[in-house]
Amino acid sequence: MNQPRPLRCRFAPSPTGHLHVGGARTALFNWLLARKAGGTFIVRIEDTDTERNVPGADRKIMEDLRWLGLTWDEGIDVGGPHGPYYQTRRLDLYAAAARRLIEAGRAYYAFDTQEELAAMRARAEAAKQTFRYPRPAVFPDRRDVERARAQGRPVVVRFAMPDEDITVPDEVMGDVTVGAGELDDFVILKADSIPTYHLANVVDDAAMEVNLVMRGQEFLAQTPRHIALQRALGYPTPRYAHLPLIMDLKGRKLSKRDGDVEVFSFRAHGYLPEALVNFIALLGWSPGADREKLTLAEMIELFGIERIGRTNARFDREKLLAFNTDYAAAATPERLMAAYEDYLSVAEASPIARARPDEATRRELLRVCRGFRTFPDIDAKAGFIFVDDAALAYDPAAVAKVLVKDGGYAILESLLPLLEKVEEWTTGRLEALLKGFCETRQVGLGKVAQPLRVAVSGGTISPAIGETLVLLGREKTLRRIRNALTLRS
RNA sequence: GGCCCCAUCGUCUAGCGGCCUAGGACACCGGCUUUUCACGCCGGCAACACGGGUUCGAAUCCCGUUGGGGUCACCA
């Protein structure tokens, strides 16, 4: 019996910034497959575009992956038997492969300048023809290369694309055949001797013994080139699985301009990684049976290439928000607290993060604000507690409505002396006092809580009034009520 | 434009010839709950792109049309 090879798959991002949700999904699916099959998940950095590389981006990507709960067995940071895992540190490998192809007559040197190439393309377009690089009848030799260099011309290596149909046996899309002559001779080694994506990718997948390539569908049309390269180099062709794309709500390709689609951005905006990862998993994959809420462990159990769809998905933030709300409500206090600490550590705009309240207060905040959708909701609802009394901004509309029109000032005036007499500043005691006050006055609690809320927060939104006053503390509460009263003119 | 891929509620999707008067979730609409906001609860609206076939029978298979997407770089 032929034993199936242990699965080896990888996630190979370019270090251009934080991890994007599309990349996150690719990484997640590869990870899921590896974990399910007991295989190996590799992370390597494809940094062959030296112009676009962003220093430190590899670190950010690693941090984002780990925040999502994804870990890798081989690759950057953790090492492994097939390193280094940065392509710019493996240039000799690609040069050797290019040399082999040239010697075998499967690749050749070319010396066109960008301007010449552009002119050829322009001519083809003017003639309404598809541009294909014109392969020379005789490949240039060493002396031609030297001559070109002497003339200051760029020297690249192009792969002589074989003239034959190539079928990609894709496990998501099915067999996809690209006809002979559709693909032209593409560059595999750039003028600066750095390989293009195609060569580096193929060489590394072979060297790292990757036997399943799962990536975005934008690469499907490139795969025949990769297969041709593998054949010319004598490499085995891995299994392929191309994922449908993630689009924005309008159906356009998701780009950073559409807003924050970086994993880190969701982290900084107070989302839980388990909610994000669950939501992303459902973009292009479904466990079936009307199941939706899944832990990573459950996803591993249920995941399979057979259940990956073929239609592009749109990234619907509303649904993500709903997932986050549910996850936050269902999380254990410990888990929620840990996630909240993480949020406070990265949320620079949060007034609560800046005020650094003690742990008991943070815990209390989580409790009194329960029902929040994302952590910034806590800032919006309870942030006023942490600003200086003098800096508290009163919302003119709230003041006009609640304090003036609805008679809030009068309520505050009668309430202030009662509150000043309260010794035991607790939720129970304060709520009892307010209830008693309402009963003797024959008014609803809203009539009393709202003026207090405005006086103490500047607006109409806060946690329950008793909890709000306790969190604020006796001194601040009384001071703010007195300040509010001075607003009356 | 050439080539390739795709097509179920507004969105993510279930459905792999009869179980579908098409199921779930989000959004939306209505109601309830309520000291504010949010949460929550109940109910409702809502889709097989179109046209041909195949078949006793089609959302499910085939062809075409339309629509959408991807790709045609010394970017990945």
Side-chain angles (χ1 to χ4, degrees), chain A residues 12-14 16 46-49 51-52 110 112-114 117-118 121 125 128-132 154-158 168 170 172-174 176-179 181-184 186-192 194-198 200-201 215-224 242 244-245 247 249 251-253 279 282-293 306 309-323 325-326 328-329 369-373 377 380-381 398 402 431 434-435 438 444-450 452-454 457 459-466 468:
Chain A
S14 290
T16 54
E46 307 218 327
D47 54 353
T48 54
D49 187 347
E51 294 283 304
R52 288 195 214 181
D112 315 87
T113 63
Q114 295 293 353
L117 251 11
R121 289 201 181 89
E125 185 167 356
K128 292 192 190 299
Q129 308 241 299
T130 302
F131 172 75
R132 292 207 176 77
V155 177
V156 304
V157 177
R158 283 182 184 267
V168 182
D170 192 272
V172 170
M173 303 309 265
V176 176
T177 301
V178 172
E182 287 298 333
L183 272 13
D184 68 351
F186 56 97
V187 172
I188 54 175
L189 211 57
K190 301 184 248 186
D192 57 4
I194 292 177
T196 57
Y197 157 75
H198 306 293
N201 194 266
R215 75 235 294 196
Q217 223 173 74
E218 70 265 30
F219 296 104
L220 180 57
Q222 316 283 5
T223 307
H242 286 90
L245 270 16
M247 321 297 275
L249 223 39
R252 316 295 282 164
K253 195 173 178 184
F279 174 73
L282 265 17
L283 261 24
W285 174 72
S286 164
D290 292 340
R291 299 217 29 201
E292 259 196 351
K293 296 285 167 48
E306 335 76 54
R310 281 164 302 186
T311 57
N312 292 165
R314 298 181 195 211
F315 193 83
D316 183 358
R317 285 157 195 281
E318 287 296 335
K319 183 145 181 166
L320 203 212
L321 228 204
F323 265 52
T325 307
D326 291 350
C369 291
R370 81 192 87 85
F372 65 88
R373 320 250 293 154
D377 289 352
K381 194 170 188 171
V402 178
E431 280 176 355
L434 293 181
K435 285 221 174 71
C438 288
L445 193 47
K447 274 278 180 247
V448 178
Q450 274 310 75
L452 264 179
R453 192 158 1 242
V454 173
S457 78
T460 56
I461 298 169
S462 88
I465 198 65
T468 298

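The analysis underlying the following values was restricted to heavy atoms, covering all of them including side chains, and did not include hydrogens, waters or symmetry mates. A, B, ... follow the sequence lines: proteins, then strands. Residue 1 opens every chain.
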Nearest to side-chain heavy atoms of A:Thr311, which nucleotide of B:G40, B:G23, B:C6: B:C6
Reading 5' to 3' through nucleotides 61-76 of chain B, protein heavy-atom contacts under 4.0 Å coded B for base, S for sugar-phosphate only, - for none: --------SSSSBBBB
Work out how far the [atom1] atom of [N] is from that of [M], and round it to whole angstrom.
N: B:C32; M: B:A46; atom1: C1'; value: 23 Å
N: B:G24; M: B:C42; atom1: P; value: 13 Å
N: B:U60; M: B:G53; atom1: P; value: 15 Å
N: B:G1; M: B:U13; atom1: C1'; value: 34 Å
N: B:C56; M: B:A25; atom1: C1'; value: 37 Å
N: B:C16; M: B:G23; atom1: C1'; value: 15 Å
N: B:U66; M: B:C28; atom1: P; value: 37 Å
N: B:G10; M: B:U71; atom1: C1'; value: 29 Å

Touch class at under 4.0 angstrom, heavy-atom based, for A:Arg373 against every strand present: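 Sugar-phosphate contact only - A:Arg373 comes under 4.0 Å of backbone atoms but never of a base.
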Can you tell me how far the [atom1] atom of [X] sits from the [atom2] atom of [Y], to the nearest 0.5 Å?
X: A:Asp192; Y: A:Thr48; atom1: CG; atom2: OG1; answer: 9.5 Å
X: A:Asp326; Y: A:Arg373; atom1: CG; atom2: CZ; answer: 8.5 Å
X: A:Leu445; Y: A:Leu452; atom1: CG; atom2: CG; answer: 9.5 Å
X: A:Lys381; Y: A:Thr468; atom1: NZ; atom2: OG1; answer: 8.5 Å
X: A:Arg215; Y: A:Asn201; atom1: CZ; atom2: CG; answer: 5.5 Å
X: A:Gln450; Y: A:Ser462; atom1: CD; atom2: OG; answer: 8.0 Å

Audit row: A:Arg52, A:Asp49, salt bridge (charged side-chain N to carboxylate O under 4.0 Å, His left out) steps and yes/no: CA-CA 6 Å; A:Arg52 288 195 214 181; A:Asp49 187 347; 3.3 Å; yes
Nearest-Å distance for atom pair [atom1]/[atom2], residues [X] and [N]:
X: A:Leu283; N: B:A14; atom1: CG; atom2: P; value: 12 Å
X: A:Leu321; N: B:C28; atom1: CG; atom2: P; value: 11 Å
X: A:Asp377; N: B:C39; atom1: CG; atom2: C1'; value: 10 Å
X: A:Asp326; N: B:G24; atom1: CG; atom2: C1'; value: 14 Å
X: A:Lys128; N: B:G2; atom1: NZ; atom2: P; value: 11 Å
X: A:Glu292; N: B:A27; atom1: CD; atom2: P; value: 11 Å
X: A:Glu318; N: B:C28; atom1: CD; atom2: C1'; value: 11 Å
X: A:Asp316; N: B:U13; atom1: CG; atom2: P; value: 11 Å

Counting Watson-Crick and G-U wobble pairs only, both distances under 3.5 Å, name the nucleotide matched with [N], or none.
N: B:C48; value: none
N: B:A25; value: B:U11
N: B:C32; value: B:G40
N: B:G67; value: B:C6
N: B:C72; value: B:G1
N: B:G18; value: B:C56

Intermediate values then yes/no, ring-ring contact (aromatic ring centres under 6.0 Å, His included), A:Phe219 and A:His242: CA-CA 7 Å; A:Phe219 296 104; A:His242 286 90; 7.4 Å; no
Derivation and outcome, side-chain contact (heavy atoms from CB on, under 4.5 Å), residues A:Val172 and A:Arg310: CA-CA 7 Å; A:Val172 170; A:Arg310 281 164 302 186; 3.9 Å; yes
Comparing A:Gly371 and A:Asp290 on RNA chain B - which has the more 5′ nearest nucleotide: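 Nearest-nucleotide comparison on RNA chain B picks A:Asp290.
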CA sep, side-chain torsions, deciding dist, call: A:Leu220, A:Val176, side-chain contact (heavy atoms from CB on, under 4.5 Å): CA-CA 9 Å; A:Leu220 180 57; A:Val176 176; 4.2 Å; yes
Under the side-chain contact (heavy atoms from CB on, under 4.5 Å) test, residues paired with A:Phe315 that sit two or more places apart: A:Val21, A:Ile246, A:Leu254, A:Phe266, A:Phe279, A:Leu283, A:Arg317, A:Leu320
No-H, no-angle donor-acceptor pair, A:Lys319 side chain to B:A27 base, under 3.5 Å: no
Might you list the N or O atoms of the protein lying below 3.5 Å from N or O atoms in nucleotides 34-37 of chain B, with each pair's distance?
from	atom 1	to	atom 2	distance (Å)
B:U35	O4'	A:Gly446	N	3.4
B:U35	O2'	A:Arg453	NH2	3.4
B:U35	O2	A:Arg453	NH2	2.8
B:U36	O4'	A:Gln450	OE1	3.1
B:U36	O2'	A:Thr460	O	2.6
B:U36	N1	A:Arg453	NH2	3.4
B:U36	O2	A:Thr460	O	3.1
B:U36	O2	A:Ser462	N	3.0
B:U36	O2	A:Ser462	O	3.2
B:U36	N3	A:Arg453	NH1	3.3
B:U36	N3	A:Ser462	O	2.6
B:U36	O4	A:Ala464	N	3.3
B:C37	O2	A:Lys381	NZ	2.7
B:C37	N3	A:Lys381	NZ	3.0

